[in-house]
Engineer: 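Shown below is the structure under consideration.
Please read all numbers here as calculations on a predicted model, not as lab measurements. Values reported hereafter were calculated over all heavy atoms of this structure, with side chains retained and with hydrogens, waters and symmetry mates removed. Ligands are counted one by one from 1 in listed order, and the atoms in each one are counted from 1 as well.
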Amino acid sequence: MAQSDLFPGSAQIDASAAVTEADDWQARSKWLRAELNRHSHAYYVLDNPTIPDAEYDKLFRELQAIEEAHPDLITSDSPTQRVGGAALSQFPPVRHSLPMLSINNGFSESDIIAFDRRTREALKVDGEVEYATELKFDGLAINLRYENGMLVQAATRGDGATGENVTANIRTIRGIPLRLHTDHPPKVIDVRGEVLMFKSDFIKLNARQRESGQKIFANPRNAAAGSLRQLDPSITSRRALRFFAYGIGVLEDAEMPASHAGLLDWYVQLGIPICDERAVVRGAQGLLNFFNSIAEKRKQLLYEIDGVVYKVNRLVDQKKLGFVSRAPRFALAHKFPAEEAMTVVQDIGVQVGRTGAITPVARLAPVSVGGVVVTNATLHNEDEVRRKDIRIGDTVIVRRAGDVIPEVMAFVPELRPADAREFVMPTACPVCGSPIVRLEEEAIARCSGGWVKCAAQRKGGLLHFVSRRAMDIEGFGDQLIEQLVDKHVIKTAADLYKLGFASLAELDRMADKSAQNILNALEKSKSTTLARFIYALGIRHVGESTAKELARHFGNLDALLHATEEQLLEVADVGPVVARSIMTFLADPLNLELIEQLRAAGIVWPENTPERNHSLLAGKTFVLTGTLPTLSREAAAEMIEAEGGKVSGSVSKKTGYVVAGADAGSKLAKAQELGIPIIDEAALLQLLSQNKQ
Ligand code: D41
């Protein structure tokens, strides 16, 4: 007998309970979807995290569990559905409804002035034209098609007319909404923009690739392209890709905004990621000002750009201007000089550094990179040559960003000649003939000659000694040091101070005036600081900041010279490797003799008493987050540093304290997660005042 026969009406009650329960699951999953999408949008688009990662993961797992039990509740905009489906065997072609045009380039001020003049003439305006200015992202152009608010297709630009269908991969990009944030979506909208990888994510990806012995990417653009071209979307989903929109294709059943700036504002409302670095300016001068302000900021940006883009702001004007071949007349990309170029590796030689480090160097067919002709580029070390598989005869991508040393990024497989030769590490130093050795635990091979035998190490050591951050002796360039060492005029840094007018004046290309200037600079350098002096000695692993810590900790040179390894380990910044290196340096009588000779030459610095060892803050790292009630971050950092503490931007296991103010975000959450003491401004001030007593 069924239960309902005994309890009339119970079946009905059960049924309604089931309905309520199903409704509950539906409501809960809907809420979770909205909540998760909101947090993703805040994180990836607004760059303003709203909950800790762990909390997000918890909600995500709850939604996954509900959907597993009730598959009918799964919607295509659910955050669980970003990675789905099996790997493809190829990307099907997609014909763009409206072609994706290309963009004309300008490089010089006169190109920009000419663009503005052409625009004014074509529009027949007397005054200044209004332009929308934005960045030129170095990524891949993509078209996103939304129908009734849902992302239905994503395609690469391809040749502009036909691209590839990469929908499954694009769905994995967390910043791209699967559903537009509006109750009244257009029937169809083609959103156009660029997929790219942030610099930090690129570095992390390459580190992971290196660890697992996989392909190293030459730059964030190649990494983004490689990630988007994965046939298995689950791989793409593990690659941190981003998207910024900058254009529109088809639009149906919605009103087109009146301007480009208006279009981007609309995108913000729709939840589509837009870059904040944009402006509306007037006239050629407005364009050039924007270009200059971005050029200045370029290094600080989280992603790579290769220029800026100017677009006539009003859409009616854009229409009027039309196209020339495949590029609109209303837009111009103002490009920075390329930081990368292709050239041929003619040979791979080695360079001997001041510590004897042997660096493989690619000798290149001359090529202009970042506005400079480059003929040599570093390959870092032997393992890096193997990892990147660079061979003599290869065509390679060379990069020179800002003032950094040119670097060989990758070879071009299609252009490898059959007779390309592998690099062989020499067994003897090319400068002094001493054996080259490579310790097992080290990545670097070294000349074993030391500065006594090896002129390259002497030159390197001397160049370091005179450098700006060390003894700061003006007038000693590569060529002067080269001559002085090659002609055996000097051997050690102490010999610099024995130089007389006659020995300098008789060198090649040395005027009397220059010789006198150098003697004056040497004299001036004798009055220095202990930190500079320690740094100038060129002890391996002792960089500028370690030298400062050593000077602060020991207060005077004799205390450092007589320090035990244990005492060295008490210094902030000094770990076992650094301590060992200092001990090795100080155990060499030649080094001690050099120090004595330098002192005898008259080098002096103000001596300090050693740092109070009871400093509560010494060696402790502080992380400041949120807004403090009275102190600015800079002021708080200065006070902490004045008492011997350090300030860092990120929380790790090594963080001593996190000082949290109002609206502290992810750093606070991380500190809680790691169990790091969290204090407020009042507690910080108390700590600082205790330290003074
Ligand atoms: O950031 C970019 N790479 C970018 C590319 C941009 N900011 N704006 C662009 N605008 C256009 C037009 C003017 C044709 C809508 C573009 C591109 N095109 C573009 N990207 C690749 C080819 C053309």
Engineer: Against the six-membered ring of Phe198, is Arg242 placed for a cation-pi contact (under 6.0 Å from the centre, within 45° of the normal)?
Structural biologist: yes
Engineer: For a quick test of your reading: what N or O donor-acceptor pairs under 3.5 Å do the side chains of residues 52-61 make, sequence neighbours left out?
Structural biologist:
residue	atom	partner	partner atom	Å
Tyr56	OH	Ser40	OG	3.1

Engineer: If we ignore angles and hydrogens, is there a donor and acceptor under 3.5 Å between the side chains of Asp116 and Tyr131?
Structural biologist: yes
Engineer: Given a heavy-atom cut-off of 4.0 Å, could you list the residues near ligand 1 in chain and number order?
Structural biologist: Leu101, Ser102, Ile103, Glu134, Leu135, Lys136, Phe137, Ala141, Arg157, Glu194, Tyr246, Val309, Lys311, Pro328, Phe330, Ala331
Engineer: Who passes side chain to side chain contact (heavy atoms under 4.5 Å, CB included) against Asp159, sequence neighbours left out?
Structural biologist: Ala161, Thr162
Engineer: For residues 328-338, tabulate all N or O donor-acceptor pairs below 3.5 Å that involve a side-chain atom, not counting sequence neighbours.
Structural biologist:
residue	atom	partner	partner atom	Å
Arg329	NE	Leu321	O	2.9
Arg329	NH2	Leu321	O	3.2
His334	ND1	Tyr310	OH	2.8

Engineer: Can you confirm whether the side chains of Arg145 and Ser97 place a donor and an acceptor under 3.5 Å from each other?
Structural biologist: yes
